[in-house]
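The next block holds one structure in the form of structure tokens; read it before the comments.
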Amino acid sequence: MSTRTAHLDVRGMSCANCSQTISDALVSLDGVSEANANFATDEATVEYDPEAVSLAEIYDAVETAGYEAERSSRSIGITDMTCANCAETNESALESVPGVVEAEVNYATDEATVAYNPSDVSLEDLYVAIEDAGYTPVRDDGGEESDQERRDAARQAEIRKHRRLTLFGAILTAPFLLFIADRLLLDGAILPETILGVEFGWLEFLLATPVYLVLGREFLANSYTALAKNRTANMDVLIALGSSTAYVYSLVVLLGLLAGNLYFDTAALILVFITLGNYLEARSKGRAGDALRKLLEMEAETATLVDDEGNEEEVPLEDVSVGDRMKVRPGEKVPTDGVVVDGQSAVDESMVTGESVPVEKEEGDEVIGSTINENGVLVVEATKVGSDTALQGIVQTVKEAQSRQPEIQNLVDRISAYFVPAVILNAAFWGLVWFLFPDALAGVASGIPVLELVGGGPAALSTFEFAVVVFASAVLIACPCALGLATPAATMVGSTLGAQNGVLFKGGDILERARDVDTVVFDKTGTLTTGEMTLTDVVALEGDGDRAAADGGDAAADGGAVVARESLDEREVLRLAASAERNSEHPLAQAIVEGAEERGLELTDPESFENVPGQGVRATVEGREVLVGNRRLLEGEGVDPAPAAEAMERLEREGKTAMLVAVDGAVAGVVADADTVKESSQEAVAALRERGLDVMLITGDNERTARAVAERVGIDPENVRAGVLPEDKADALEPIQAEGRKAMMVGDGVNDAPALAVAHVGTAIGSGTDVAIEAADVTLMRDDPLDVVKAIRISEATLAKIKQNLVWALGYNTTLIPLASLGLLQPVLAAGAMALSSVSVLSNSLLFRRYTPDHDYELFGRLRR
């Protein structure tokens, strides 16, 4: 048994019990022989058997125990990958490095995303692992170029290499096209037996050999690495087998060791077609990532800083720090994320949110870096710079989404792992069968015109020669590239398309999940409504006079006195309520305070204040006990809300949020706030219901107000969950999903974060808090509910495109492998079809860039409406 030792930096330990908890959690894992956590040093040392337990499982155990083990994540560009099997090989190589938690390699983007323990792994270790596997990492040389610039340079170098090789091969193989035309179409009537004294066969040898050695060298070397070092078979093995079979067989015939035809033209053209396919594939990969690169190129290069005295200085963007003030003139880009401190203008935010209409900005409003100032002059204070900006966050989110593949990719990976060996076995089987039973199989294929392409079939070729032709064709016709590209290419375009339309998916798996949603659950405030509450009503209740204790001194002594309700006018009810709410940050409270200030009331700070989550506030104002909240708050304090019942019901029927105000133990009045329903909420609900989805509303507001809002936006009353406390929103979602539904939760506040986390798909609306966005699977850059529909449409369209690609890849192989096995395809045509299959899948994915999520999308591009 081999053992490894991992040293983890653990955060969150606060005492010796914490370290013991971590140690116990780790020792409980099968394969962990010893584990010690040290509270003093915030470290844990683990001895484990990597064959019995993975480092990822060790990290999960620490996190499940409630702590966090430090890990770093790095994205590394990789060149020389030719198929999905190459990606699998690199994943295995990286995950075999001691200290690597997990690795994902994306063949479509030519990059690896590696999570590792920084205490045990260096970046050089990762580079070496990739090189040992036979591939080339894009190294960080510490220069001024960014990581993306280095990868772009590596990809351009790869494109130029394939272009040079293709041109070299095309020049040398051009005469073969004439030879083939003369042999097949003119029955050898034009070309002589010798050219310049060189026999025809030797001329073909002289032309094909440089092509085989130069273009084939990389395939041969990669095949050796795959088979000898990595114990796997990839596409290079198929190409090397097919081209070498044709070349070696022809050389043996040319030397007179065997009777038969020459296939030098086949060997050379195979390599030219495949190299041309690799060139087109590399170009297509580059084009697929263009949108993301163009987004980064939209960053401003400089900023105009202004000081307190009004002096201006133009500096490079990287010199801007948080707190710096920048002047942004009309037509200029906002250099970085910030808040407007002076000026008023309209800002074009389309490159971030997808919204074409410029957004009005004034003092106090937030602006996004790289957006364009339309007309007025703005002074902006920087709040986020460098990698913390919204634009950089979008790019990083999209890259992470591209590295996390949909579940359907797991099936494709399983197929790809066995694909190449199965193809080789199939080719060897049919080659042997044709060699042993030529007469029986010839009857099956007789009379098919395509046989002319392989020299007339077994009737015209020797048994051994035709078996060789079948073997080479069956090997070359199968292409794992198309299969490997089908999912990541579509996911790459789909996630970028989402970013261009203000919809950020955290991963390709989320793209897949969103399509399967059958229930959309909206939070109310800030999601379907604007969240900007305003005070609309103040109702003062009439007093009932002073009442003495009815039960005499004994009752009074026992606390049995009946509290009299004091008669307060509307202004006094509002003044006391607003003073009590002054320390609250809840939107309802702020609306009450702002309403009182607008009415010119003089507010005082409460002597004591307590927020009661989901119910209201309890405060002492000028020596008086004041309660502001819902019925549960008053009932919990022994105050009867009945005198205000009629006013509460009337206001709630109008869709307003009504709050009771109690003073010194008796209800004194009611205040009401109203929230404006967003213009697009009704349209969004209608679009979702038209798709056949159930739409629900969940809110902490009361039943009447919730139902009033639901009626206005088109949600059925039975789908309303009202009066749900913040901590209970996740619990309220679980019964919905327990029915077998796949729910998308859409919210914007901190109190929505637990529900977003437990939902099948959690969606944070763009105006929401950082906590909500962090917990969500999908982030909508705008606060428009219609973008929920966009997210589902993009998800559905991406999965439809993946299915199209898989139809291309699997259908191509399913159709042509049997034809090649039956001897109905010449090897050179098989090689051309192999190259074309990858290009067709990439081209199909690139066409997806034209899709706009303003309408639905069906398989094979038909619009639903």
Side-chain angles (χ1 to χ4, degrees), residues 144-149 290-398 499-502 504 530-532 590 594 748 765-770 773 779-784 787:
E144 294 183 359
E145 285 184 323
S146 68
D147 190 47
Q148 186 61 49
E149 288 172 335
D290 279 348
L292 213 54
R293 282 190 290 275
K294 287 178 181 176
L295 198 61
L296 279 173
E297 289 170 0
M298 295 179 74
E299 277 190 315
E301 296 181 355
T302 62
T304 303
L305 299 184
V306 292
D307 59 22
D308 295 337
E309 298 176 359
N311 299 318
E312 300 181 10
E313 180 186 5
E314 187 171 353
V315 300
L317 182 62
E318 54 267 24
D319 291 346
V320 176
S321 302
V322 173
D324 286 347
R325 294 196 170 191
M326 307 165 291
K327 178 175 282 188
V328 187
R329 298 179 176 85
E332 291 182 344
K333 296 176 182 177
V334 178
T336 189
D337 294 3
V339 60
V340 177
V341 294
D342 189 29
Q344 185 174 355
S345 182
V347 177
D348 179 2
E349 297 182 341
S350 59
M351 48 80 68
V352 173
T353 65
E355 175 59 67
S356 58
V357 179
V359 181
E360 293 293 330
K361 300 290 183 181
E362 58 185 17
E363 188 174 338
D365 288 339
E366 293 183 351
V367 289
I368 303 171
S370 306
T371 54
I372 300 173
N373 183 23
E374 292 283 318
N375 38 50
V377 177
L378 296 175
V379 177
V380 176
E381 183 176 305
T383 55
K384 293 181 181 179
V385 297
S387 60
D388 295 329
T389 63
L391 181 64
Q392 289 288 346
I394 290 171
V395 172
Q396 188 58 37
T397 299
V398 173
Q500 291 173 326
N501 286 275
L504 300 182
T530 61
E532 298 174 0
Q590 292 175 352
E594 290 172 4
D748 75 317
I765 205 148
S767 58
T769 64
D770 290 341
I773 291 171
T779 298
L780 308 179
M781 296 301 294
R782 301 186 301 167
D783 59 358
D784 188 347
D787 285 353

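Every value quoted in this text rests on a predicted model; they were computed, and no experiment measured them. Every heavy atom of this structure was used, including side-chain atoms; hydrogens, water molecules and symmetry mates were not.
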Rounded at 0.5 Å granularity, tell me how far OG in Ser345 sits from CD in Glu360. 7.0 Å

Would you mind telling me which of Glu313, Glu332, Glu312 makes a salt bridge (Lys or Arg N to Asp or Glu O under 4.0 Å) with Lys327? Glu312

Under 3.5 Å: donor-acceptor pair, side chain of Thr371, backbone of Glu349: no

Determine, step by step, whether Glu299 and Ser370 satisfy the side chain to side chain contact (heavy atoms under 4.5 Å, CB included) criterion, reporting the C-alpha distance in whole Å, the side-chain angles of both residues, the deciding distance to 0.1 Å, and the verdict. CA-CA 5 Å; Glu299 277 190 315; Ser370 306; 3.6 Å; yes

The test is side-chain hydrogen bond (donor to acceptor under 3.5 Å, both in side chains); show your working for Glu314 and Thr302 and say whether it passes. CA-CA 7 Å; Glu314 187 171 353; Thr302 62; 3.0 Å; yes

Could you tell me whether Lys384 and Glu366 make a salt bridge, using a distance below 4.0 angstrom between a side-chain N and a carboxylate O? no

Mind checking the CG-CG spacing from Asp307 to Asp324? Nearest 0.5 Å is all I need. 10.5 Å

If you draw a 6.0 Å radius around CD in Glu301, do more than 12 non-hydrogen atoms from other residues or ligands fall strictly inside? no

Side-chain (Thr336) to main-chain (Gly369) donor-acceptor, under 3.5 angstrom: no

If only atom types and distance count, is the side chain of Asn373 paired as donor or acceptor with the main-chain N or O of Val334 below 3.5 Å? no

Minimal non-hydrogen separation, Val341 against Glu381, with atom names: CG1-CB, 3.9 Å

Thr383 and Gly338: which non-hydrogen atoms are nearest, and at how many Å? OG1-CA, 3.3 Å

Leu504 side, atom CG; Asp787 side, atom CG - distance, nearest 0.5 Å: 10.5 Å

Distance (rounded to the nearest 0.5 Å) between Asp348 CG and Ile368 CD1: 11.0 Å

Heavy atoms, side chains only, cut-off 4.5 Å: are Val385 and Ser321 in contact? no

Which heavy atom in Glu374 sits nearest to a heavy atom in Pro330, and how many Å separate them? O-CB, 3.9 Å

Between Val320 and Met326, which heavy-atom pair has the shortest distance, and what is it? CG1-SD, 4.0 Å

Tell me, do Val347 and Leu378 make a side-chain contact under 4.5 Å, heavy atoms counted? yes

Between Val328 and Pro335, which heavy-atom pair has the shortest distance, and what is it? CG2-CD, 3.8 Å

